[in-house]
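As structure tokens, the structure follows; a few thoughts come after it.
This structure is a prediction, so every number in the text was calculated from the model and none was measured. Start at 1 and go down the list; that is how both ligands and their atoms are numbered. Note: hydrogens, waters and symmetry copies are ignored here, and every other heavy atom, side chains too, is used.
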Amino acid sequence: MNIAVIGTGYVGLVTGTCFAETGNQVTCIDIDAKKIEMLNGGELPIYEPDLDVLYARNRAQGRLTFTTDLAEGIAGAELIMLALPTPPDEDGSADLSHILAVAEDLGRLLTEYRVIVTKSTVPVGTADLVREAIAGNAKTDFDVVSNPEFLREGFAVSDFMKPERIVIGTSSDRARRIMERLTAPFVRQGNPVIYMDERSAEMTKYAANAFLAMKISYMNEIANLCERIGADVDHVRRGIGTDNRIGKRFLFPGIGYGGSCFPKDVQALARMASEAEYSFDILDAVMRVNQQQKTVLIPRIEALFGSDLADKKFAIWGLAFKPNTDDIREAPSLFVIEELRRRGAAISVYDPEAMENVKPLLGDEVEYAENYYAAVQDADAIVIVTEWAVFRNPDFKRIAEAMKSKVIFDGRNLYEVELMRELGFHYESVGRKGTRPDAS
Ligand code: NAD
């Protein structure tokens, strides 16, 4: 099939590359000329495990091309996928301006029947708006399909190639037949392609993300309570995770969720609810809990060092909002750094992939270390923000020698409390016994 993907970011680039991998002819389109220039020059603008191999192969074999020209990019494409950004508006609802502007342009450019597929996360009713925007200019027949994307950054290629399920919202048989051909190679093992109406498909994506965000916030509250009443969240997590109704995943407490999806999607769903005059109380609590959780380590840092941190240096391990990505959108690291900077602290940071992305935001406010050992040189404390695998088994002797004092604030519970005690570290983590040295 001949496919155009509009928007070549984390979703669009993975989508386009994986469709090329299953033999389709794919053109990726983006208004960011620098990004397209990089992609045409053989360079990936994002870090995503395994994407490099598929990108190189499909580009070399001529199935994957890139352009900034919308008309050229969609020429001949039976399917046009929209992987455009839907950032939060001032009031928290999803900003549809990118999607609707492109839809209007598409209306002018379509010359024969096409299926326009929305992969972006969009509020319920957007398929109708896209249809109207295209129809306002179109002289031909077309269908609009909602196909929300469930890939996770850090696992995007494997999630896309072997999805647990594919959700497709369409009321058109013609579009459905085309989508069946498109998706068949990805569900050969029998995972379901779930067909529904467009509105339900749009809602499914928000319902999934808000549920996962709720699970994280719930566990963070359990962890906070465990600390106060002498229970250990690690035991509690294992105890409840073995219940199939609950499941093992998304039960790890920490310093809050971030990223380009959960924060904005929970907000957008809350906004949708309030527009429908429905009071979705759980969502408000999820957002409030997460906001507080991002800075949960700060009072503990103050308890140890005082509120004036002017003569203190902190090493921040991890900047990306989660491991295996370079994405720093809404990353907890940025909130922690801001709070520490406000108290006058000096900061050195290290992240395996996200350093270049924070430089435009933080400039020379922080020191960029070459590796995680360099970051701790003369530091008064380490603050662990992202659970990159490489932080899990460091050389603690080397760390202790380099630091001014042996203090670790661990926002991701990477180490055994007992081991830290044996090694003589002042070690604080989230929701575990012995987390606070003065507690049980
Ligand atoms: P992104 O910001 O990484 O990429 C969007 C791209 O669209 C950018 O490269 C931008 O330059 C381009 N763009 C903007 N306006 C354009 C236009 N008029 N024409 C062509 N290109 C244009 O965003 P993303 O993370 O890929 O997310 C895209 C959508 O997918 C969002 O709705 C998001 O909520 C959803 N989503 C994201 C993820 C994820 O993990 N990132 C997962 C599932 C769904």
Could you list the residues that satisfy ring-ring contact (aromatic ring centres under 6.0 Å, His included) with [X], not counting sequence neighbours?
| X | value |
| --- | --- |
| Tyr257 | Phe262 |
| Phe335 | none |
| Phe314 | Phe305 |

Exercise for the section: Verify whether the ring centers belonging to Phe19 and Phe160 lie closer than 6.0 Å. Expected result: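 Judged by ring-centre distance (under 6.0 Å), Phe19 and Phe160 do meet the cut-off.
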Practice task
Indicate yes or no: does Lys322 engage Asp327 in a salt bridge with an N to O separation below 4.0 Å.
Solution key: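 The answer is no: the pair does not qualify as a salt bridge.
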Practice task
Nearest 0.5 Å please: distance from the CG atom of Leu106 over to the CD1 atom of Ile6.
Solution key: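 Between Leu106 CG and Ile6 CD1, I get 4.5 Å after rounding to 0.5 Å.
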Handout entry: Neighbouring protein residues of ligand 1 - any heavy atom closer than 4.0 Å
Key =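 Close residues (ligand 1, cut-off 4.0 Å): Ile6, Gly7, Thr8, Gly9, Tyr10, Val11, Asp30, Ile31, Asp32, Lys35, Ala83, Leu84, Pro85, Thr86, His98, Val102, Ser120, Thr121, Glu149, Leu151, Glu153, Lys205, Ser260, Cys261, Lys264, Arg329.
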